[in-house]
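Here, residue 1 is the first one in the sequence, and each next residue gets the next number. When a ligand or atom number is given, it counts from 1 through the structure's own listing order.
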Amino acid sequence: MDNKVNILMTYGRVESALAVQAILDSPKYNIITANSEAEALTYLFQDSFALILLDIQFESATILRERENFKDIPIIFMSDSNQHEQYIYQNYGDGFVDYLLAPFNPYIFKSKVAVFVDLYLKKQLIKEQAQKIEDNELQAHAASISHIELESFKRYQNLADSIPQIVFRVRANGVYEYFNKVWFEYTGLSPEYSLEMKWKDVIYPSDLENLLILFEHSKNTHGQEIECRILNKFGEFRWHLIRIQPEFHLNTNEIKFWLGTAADIEDRKKSEDIQRFLSLAGEILVSSLDSNYILESISKLSVPALADWCSFDIINDEEDLKNVITYHREPLKIGHAKAMHSLYTSHPNSEEDILKVLASGKANFYREAGKKILTDTTLSPQDYEYARELSETTIIIIPLIAHGHTLGSLTFANFGVGKNYTNNDLELGQELGRRVALALENAKLYLFSQRAIEVRNDFLSIASHELNTPITSVKLHLQMVNRTLTNKKDELFPLERFKKSIDTSVKQVDRLIHLVQVLLDVSRIQSGQFNFVFDRVNVSDMVTEVIDRHKELLQSYSCNLTVKNLDNISVIWDKTRMEQVITNLINNAVKYAPGKIEVSVLEDMNNVKISVKDYGVGIPADKIHRIFDRFERGNSPESVSGLGLGLYIVKQIIEGHHGKIEIESKINQGSCFAVIIPKNANQTVSPQQPIICMN
Ligand code: ADP
């Protein structure tokens, strides 16, 4: 470091400048020479000088004195004559000037310069010390200030970090200043990135405007808040309640900062949404007992609220699971959704097994549904396209179970990234499934009871007619006999006619007894008192007896009944009840399919099979299951009488014998009723399916 003291010298003649330099030559001094005022000023502006040696011929001294910066620099005037002496002391004399006359006495010159230099150095020292003191004070002050600030900042940070919400501070100009720990944990963003990001980087696009409005409103009204979605580190937007509070400058009352908090309200929002959804669903479910309306309305409510598309698969009367409704957020894509639904429910590679879900009774969700289907190299291009879309789809399958009855399933599907279902959705689906199943079960029961009322009304009118017919007939015959006997006119009335009337009346009474018997049987079945008396029975004899009893009836209907394979078979059955079964089957064949009737009796090791086959009208497929129910009458013509109870009683008798009945029927081709009964029906055997339809 150069510690030399600067001395500026202006000179008029080169030789005097050299003389001065020779006199003052010292390692302590740095003599800078200028031969013009302008040059002198340039040096003065560039550096600090202890002394100026000024040639009296220069007018610079006046200029220097006028300059605030240089007015304190001492000047030694150098002159060849003393004519300037008075002028100098007049104009500059205040201790900061001196005067030297050429030729210069080196000792005097040196000592004068030394005095001024010493003075300068002392002033410098004082200045430095003063600066040091000032610096130290400033430093101490600064240290004390930053310490307080640091303390308070730390306290602020600790407080903000202990809050389970996001806390942020933004300067008035919109530049971020601070985020608490929760922010970094939630967003996964670095502090550097966070301080430079834009709101649009993390706020859901449609919520952005609301946030900006919030800032605007918060200027005037404190404590404003809005709900908006913030992106988390998993790429999901979660609902937050954002509050903004301005911080003002104490003096100017201008906004200095915005202090904000953001509380995660996703779960609360979700549960509110769920409650709202369930309450809307509840309104639909209680508003109707029409299952089609229920399925359609729930589909429309769920799409798009819960799914891009949804499907209901319902178990029908034939115990088959059938897709009854598929609904897509874009109506034109309903067919598309149906095709995808059918692909994953039927493809062997598919993991989305509705039947498995129904068996478990628990809703399940499948991510990347259809991914395994894609591995099938035999897929058609169209199916490949469906499978590809399915592989980007999440599916929830929900069982519809009410009172232990499995009614079907509901499927929700969401397509695309970030639309995966969560456990919350699964729970909601399960709850919705429970409610829909109950409503469907109610609708079913309602339909059932409506049908039961209809059937009962039909039965009452049929029963009254059935009972009335023989009674009327008997009454007419009795009246006729009575009239004849009273008038005595008809002494010639032949006994023949009396006998005919009595015979007809007896037949009608038999018919009445039969009807009453049927009604009694039904009432016994209902009260659980339909009992059996098992005994050894010869099947061939029994069948022959029944057919014999029908001879007259067969004749009157011009029926041709043939019997096959009548071997002697001995069984343990309730003879009366089994006669009732065969009687009913033959009666029905005669009533509904008069013509050719074939009865056959076959046996194997354990069972006997008795079939009654006709070639008549047949039974429609949708009725075949029902004809075994109480009061059910299939497609019977009005002209054919009946209570719709015969096959109902037949079913009970067969069940009581641990047997089964197989029906094969084709419209206009005829029906075959085959009764299969264990030879020893008196022993407890595991129950079997009593009715098997094979049309
Ligand atoms: P009912 O004969 O008194 O109506 P059933 O219980 O014996 O009552 O029969 C129920 C229904 O089954 C009948 O009403 C009829 O529609 C149908 N049915 C029974 N047997 C036959 C058959 N052999 N051919 C066509 N329909 C039949």
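In terms of protein heavy-atom proximity, atom 10 (C) of ligand 1 is nearest to Glu632 O, 3.5 Å. When hydrogens are left out, the protein atom nearest atom 16 (O) of ligand 1 is Ser636 OG, 2.8 Å; that is the closest non-hydrogen contact. Among protein heavy atoms, the minimum distance from atom 26 (N) of ligand 1 is reached at Ile619 CG1, 3.5 Å. Of the protein's heavy atoms, Arg633 NE, 2.7 Å lies nearest to atom 4 (O) of ligand 1. For atom 25 (C) of ligand 1, the nearest protein heavy atom (residue, atom name, distance) is Tyr592 CB, 3.6 Å. The nearest protein atom to atom 7 (O) of ligand 1, hydrogens excluded, is given as Asn588 ND2, 2.9 Å; this is a heavy-atom distance.
Separation of the Phe628 and His625 ring centroids does not fall under the 6.0 Å cut-off.
Considering both main-chain and side-chain atoms, Gly646 comes within under 3.5 Å of ligand 1 through a nitrogen or oxygen pair. Taking only nitrogen or oxygen atoms, main chain and side chain alike, Gly644 reaches within less than 3.5 Å of ligand 1. The shortest N or O to N or O distance between Ser641 and ligand 1 is not under 3.5 Å.
Within ligand 1, counting atoms from 1 as listed, the ones closer than 4.0 Å to a heavy atom of Leu645 are 6 (O), 8 (O). Near Gly634, the atoms of ligand 1 lying under 4.0 angstrom from a non-hydrogen atom of the residue are 16 (O). For ligand 1, the atoms sitting less than 4.0 Å from at least one non-hydrogen atom of Phe673 are 20 (N), 23 (N), numbered in the order shown with element in parentheses. Distances below 4.0 Å separate heavy atoms of Gly642 from the following atoms of ligand 1: 3 (O).
Val455 approaches Arg630 most closely through the heavy-atom pair CG1-O, 3.7 Å.
Checking Asn584, Ile597, Ile627 against atom 11 (C) of ligand 1, the nearest heavy atom belongs to Ile627. Considering each of Leu647, Ile462, Asp629, the one bringing a non-hydrogen atom nearest atom 5 (P) of ligand 1 is Leu647.
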His341 and Tyr344: CA distance, side-chain angles, deciding distance, side-chain hydrogen bond (donor to acceptor under 3.5 Å, both in side chains) verdict: CA-CA 6 Å; His341 182 64; Tyr344 77 75; 3.0 Å; yes

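Other residues, nucleotides and ligands contribute more than 12 heavy atoms inside 6.0 Å of the CG atom of Asp320. In this structure, Lys362 places its NZ atom where only 12 or fewer heavy-atom neighbours from other residues, nucleotides or ligands lie under 6.0 Å away. Taking a 6.0 Å sphere around NZ of Lys609, one finds it holds 12 or fewer heavy atoms contributed by other residues, nucleotides or ligands.
Relative ring orientation between His336 and Tyr386 is described as perpendicular, the plane-to-plane angle rising above 60° on a 0-90° scale split at 30° and 60°.
Under the 4.0 Å criterion applied to side-chain N and carboxylate O atoms, Glu579 and Arg549 are assigned as salt-bridge partners. A salt bridge is absent between Lys613 and Glu664; no separation between the charged side-chain nitrogens and carboxylate oxygens falls under 4.0 Å. Salt bridge present: Lys499 and Asp503 bring a charged side-chain N and a carboxylate O closer than 4.0 Å.
Annotation: the span from Gln430 atom CD to Leu410 atom CG amounts to 11.0 Å, rounded to 0.5 Å.
If you look at Leu643 next to ligand 1, the close heavy atoms, those under 4.0 Å, all belong to the backbone. When non-hydrogen atoms are compared, ligand 1 lies under 4.0 Å from the side chain of Lys591 (C-beta onward) but not from its backbone. The part of Asp614 lying near ligand 1 is the side chain, judged by heavy-atom distances below 4.0 Å.
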